[in-house]
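Note sheet for the following structure.
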Amino acid sequence: MGSLRSTQHDCGGGVSHSLSFLLGALLPTVLLFFLASDRVDEQLSSISTFRFRNGSSAHQLTSHAADLPTNGSDGGDKKEKAFQGLAELLPRVAMDDGTVIITSVNEAFAQPGSLLDLFRGSFRDGEGIAHLLNHTLIVAVDPGALALCKAVHPHCYLLEVMAAGVSSANGFMTRSYLELVWSKLTLQHRVLQLGYNYLYTDLDVLWLRNPFRHISLYADMAVSTDRFNGDAEDLTNAPNTGFYYVRSTNRTVEMVRRWRAARSRFRPLAHDQEVFEAIKGEFVAGELRIKLVFLDTALFDGFCEYHGEMDRVCTMHANCCLRLATKMHDLRNVVADWKRYSSLPPPEKMSSKLRWTYPAKCAATMKIPA
């Protein structure tokens with residue numbers, strides 16, 4: 001302020017008018033800054049990384065755990081006991097911007113030759129995405145799955161689910177299945193509270209290209225769809241929470257808390273996706289003002305709204321499919337198709353007529369027309 005006064009004194013009244021003009025011009029910018037302070041803070045958090053001399057990196061994170069009202073079940077010591085070791089593990093898994101890829105597995109899916117092998121193999125066979133496995137946290141829901149995970153993957157975490165039958169290939173919408181999906185959401189909530197972004201992916205999603213290139217930097221949450229209507233912000237899209245990204249902010253921590261709490265408002269057998277579908281408008285239009293975008297099935301493909309093209313797709317999800325053996329059969333066809341496509345020289349890829357094999361067995365379980 002002393003320098004401003006000195007300038008006004010030396011330059012006379014003309015400068016006062018100039019200063020008033022400048023302040024008037026700056027005022028809207030300052031207001032916009034404060035209105036967007038949540039997002040500015042997020043961007044600063046995402047770039048506030050530093051590198052050690054040995055080349056390793058760490059993300060300077062801000063925990064959101066203490067910033068929000070929570071229900072009694074989310075109290076401090078209980079969280080640490082429920083997720084023992086998670087806070088120490090996440091820095092070893094996270095990317096430089098604090099993003100962690102998360103998937104979950106039970107003993108049946110972790111068996112050699114089962115879904116876990118297909119999932120991990122897709123990163124190795126994909127286009128320049130093998131390194132993303134190093135940033136993937138595999139959440140085991142039973143001790144058997146943990147042992148099998150540790151045999152093949154560096155980052156495994158045990159989240160024991162107290163429900164009968166979680167180690168087997170649970171049928172869709174069984175009680176064991178429901179306990180699994182809601183327990184996973186509880187862990188994901190904790191990841192956000194610790195200041196990490198996450199991309200959750202079901203184990204029956206094959207990764208082919210880098211999906212982060214197609215997720216908006218401005219999205220609080222980006223969710224895949226069973227069927228995409230062409231408008232990424234249209235709430236009538238059908239979300240699929242088997243593949244979705246959430247950026248860690250105070251607002252998204254509160255969003256997931258409300259998502260979990262909303263389970264009590266619905267029928268006992270409601271799963272996380274059903275509840276999210278019903279309340280997503282509350283997050284977008286309510287005071288949280290969540291920026292929600294839906295992912296195009298041309299890029300994030302699946303068996304529900306099947307596309308034959310292979311030149312753009314980032315992921316392939318065995319959604320709209322019942323039973324493990326059926327998923328394995330049609331996903332193996334996807335792997336074989338991708339290997340044939342990947343073996344082509346670049347000029348031939350551009351003109352290739354290769355298309356994905358239609359997932360006939362999965363379609364039969366859902367009676368989806370070809």
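Residue numbers start at 1 and run along the sequence shown.
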| message | Looking at D125, is its backbone amide N or carbonyl O close enough to the side chain of W338 to form a donor-acceptor pair, meaning the two atoms are under 3.5 Å apart? | response | yes
| Atom CD1 of I290 and atom CE of M255: how far apart are they, to the nearest 0.5 Å? | 5.0 Å
| query | Would you say L194 and M221 are hydrophobically clustered, going by side-chain heavy atoms of ILVMFWY under 4.5 Å? | reply | yes
| field | Side chain to side chain, R263 and D272, heavy atoms closer than 4.5 Å | value | no
| R257 and H189 side chains, donor-acceptor separation under 3.5 Å | no
| Got a salt bridge between E254 and R251, using NZ or NE/NH1/NH2 to carboxylate O under 4.0 Å? | no
| field | Check: R247 main-chain N/O paired with T252 side-chain donor or acceptor under 3.5 Å | value | yes
| field | Closest heavy-atom pair and its distance - A222, L295 | value | CB-CD2, 4.1 Å
| Are Y306 and Y358 close enough that their ring centres sit under 6.0 Å apart? | yes
| Does a salt bridge link K327 with D204, judged by any charged N lying under 4.0 Å from a carboxylate O? | yes
| Strictly by modelled atom types, are T236 and N229 linked by a side-chain donor-acceptor pair under 3.5 Å? | yes
| said: Please give me the minimum heavy-atom distance between S248 and L192, naming the atom from each residue. | reply: OG-O, 2.8 Å
| Are L299 and V293 connected in the hydrophobic side-chain network, where two residues link if heavy atoms are under 4.5 Å apart? | no
| field | Sidechain-backbone polar pair: S114 side chain, L116 backbone, donor-acceptor under 3.5 Å | value | no
| remark: Taken to the nearest 0.5 Å, the spacing of M95 CE from H135 NE2 works out to 5.5 Å
| message | Looking only at the side chains, is there a donor atom on one of N333 and T357 sitting less than 3.5 Å from an acceptor on the other? | response | no
| field | 4.5 Å side-chain heavy-atom contact, Q273 and N240 | value | yes
| Relative to the ring of F300, is the ring of F243 parallel (under 30°), tilted (30 to 60°) or perpendicular (over 60°)? | tilted
| query | Between E287 and R258, does at least one N-O distance fall below 4.0 Å, as a salt bridge requires? | reply | yes
| query | Sub-3.5 Å donor-acceptor pair from the side chain of K280 to the main-chain atoms of E277, do we have one? | reply | yes
| query | Are the side chains of L292 and L235 in touch, meaning some heavy atoms are under 4.5 Å apart? | reply | yes
| Are the side chains of V275 and W182 in touch, meaning some heavy atoms are under 4.5 Å apart? | yes
| R120 (side chain) donor-acceptor with L133 (main chain) under 3.5 angstrom | no
| said: Quick one: does any side-chain atom of D234 pair with a main-chain N or O of D231 as donor and acceptor, under 3.5 Å? | reply: no
| Rounded distance [0.5 Å steps], CZ in R260 versus OG in S183 | 9.5 Å
| query | Which is it for V100 and L90 under the side chain to side chain contact (heavy atoms under 4.5 Å, CB included) test, yes or no, and what are the steps along the way? | reply | CA-CA 8 Å; V100 178; L90 289 173; 4.1 Å; yes
| Distance-only polar pair, side chains of Q188 and Y244, donor-acceptor under 3.5 Å | yes
| query | Can Q111 and L148 be said to form a side chain to side chain contact (heavy atoms under 4.5 Å, CB included), step by step? | reply | CA-CA 7 Å; Q111 292 294 329; L148 291 165; 3.6 Å; yes
| query | Is it true that the NZ or CZ of K184 lies under 6.0 Å from the centre of Y200's six-membered ring and within 45 degrees of the ring axis? | reply | no
| message | Check E305 with R227, please: is the shortest side-chain N to carboxylate O separation under 4.0 Å? | response | no
| field | Aromatic plane relationship, W259 with F276 - under 30° parallel, 30 to 60° tilted, over 60° perpendicular | value | tilted
| message | Please determine whether a side-chain nitrogen of the Lys or Arg among E309 and R312 lies less than 4.0 Å from a carboxylate oxygen of the Asp or Glu. | response | no
| query | Do you know the tightest heavy-atom contact between F119 and V205? | reply | CD1-O, 3.3 Å
| field | Main-chain N/O of I138 paired with H155 side-chain donor or acceptor, under 3.5 Å | value | no
| Full working for side chain to side chain contact (heavy atoms under 4.5 Å, CB included) between V93 and L137 | CA-CA 7 Å; V93 186; L137 177 65; 4.2 Å; yes
| request: Give a yes or no on whether the backbone of T136 and the side-chain of H153 come within a donor-acceptor separation of less than 3.5 Å. | output: yes
| query | For W207, does its backbone N or O pair with a side-chain atom of T315 as donor and acceptor, under 3.5 Å? | reply | no
| Going by heavy atoms in the side chains, are L206 and L118 under 4.5 Å from each other? | yes
| request: State the OG-CG distance between S224 and D296, to the nearest 0.5 angstrom. | output: 11.5 Å
| request: Identify the heavy atoms of C314 and N210 that sit nearest to each other, and give their distance. | output: SG-O, 3.9 Å
| task | Give the cluster check for L146 versus V152: same hydrophobic cluster or not, with ILVMFWY residues linked at side-chain heavy-atom distances below 4.5 Å. | result | no
| task | For the pair Y157 (side chain) and F83 (backbone), establish whether a donor and an acceptor sit closer than 3.5 Å, ignoring hydrogens and angles. | result | yes
| said: Looking at every heavy atom in both E88 and P91, which two are closest together, and how far apart are they? | reply: O-CD, 3.4 Å
| request: With disulfide (SG to SG under 2.5 Å) as the test, would you mind laying out the steps for C362 and C320 before giving the verdict? | output: CA-CA 7 Å; C362 282; C320 290; over 6 Å; no
| Would N106 and D142 count as having a side-chain donor-acceptor pair, cut-off 3.5 Å? | no
| task | State, yes or no, whether a side-chain contact exists between F303 and L331 at a heavy-atom distance under 4.5 Å. | result | yes
| Taking the side chain as C-beta and beyond, is there a heavy-atom pair between L86 and R190 under 4.5 Å? | yes
| query | What's the verdict on side chain to side chain donor-acceptor pair (under 3.5 Å) for N319 and D226, showing C-alpha distance, side-chain angles and the deciding distance? | reply | CA-CA 8 Å; N319 52 5; D226 284 337; 3.2 Å; yes
| message | Quick test of your reading of the model: are D220 and K291 salt-bridged, counting only N-O distances below 4.0 Å? | response | no
| field | Beyond-backbone contact of L199 with I215, side-chain heavy atoms, under 4.5 angstrom | value | yes
| message | For L322 versus M366, what's the shortest heavy-atom pair and its separation? | response | CG-SD, 3.8 Å
| task | Could you check L158 against V139 for side chain to side chain contact (heavy atoms under 4.5 Å, CB included), going step by step and ending with a plain yes or no? | result | CA-CA 6 Å; L158 178 62; V139 178; over 6 Å; no
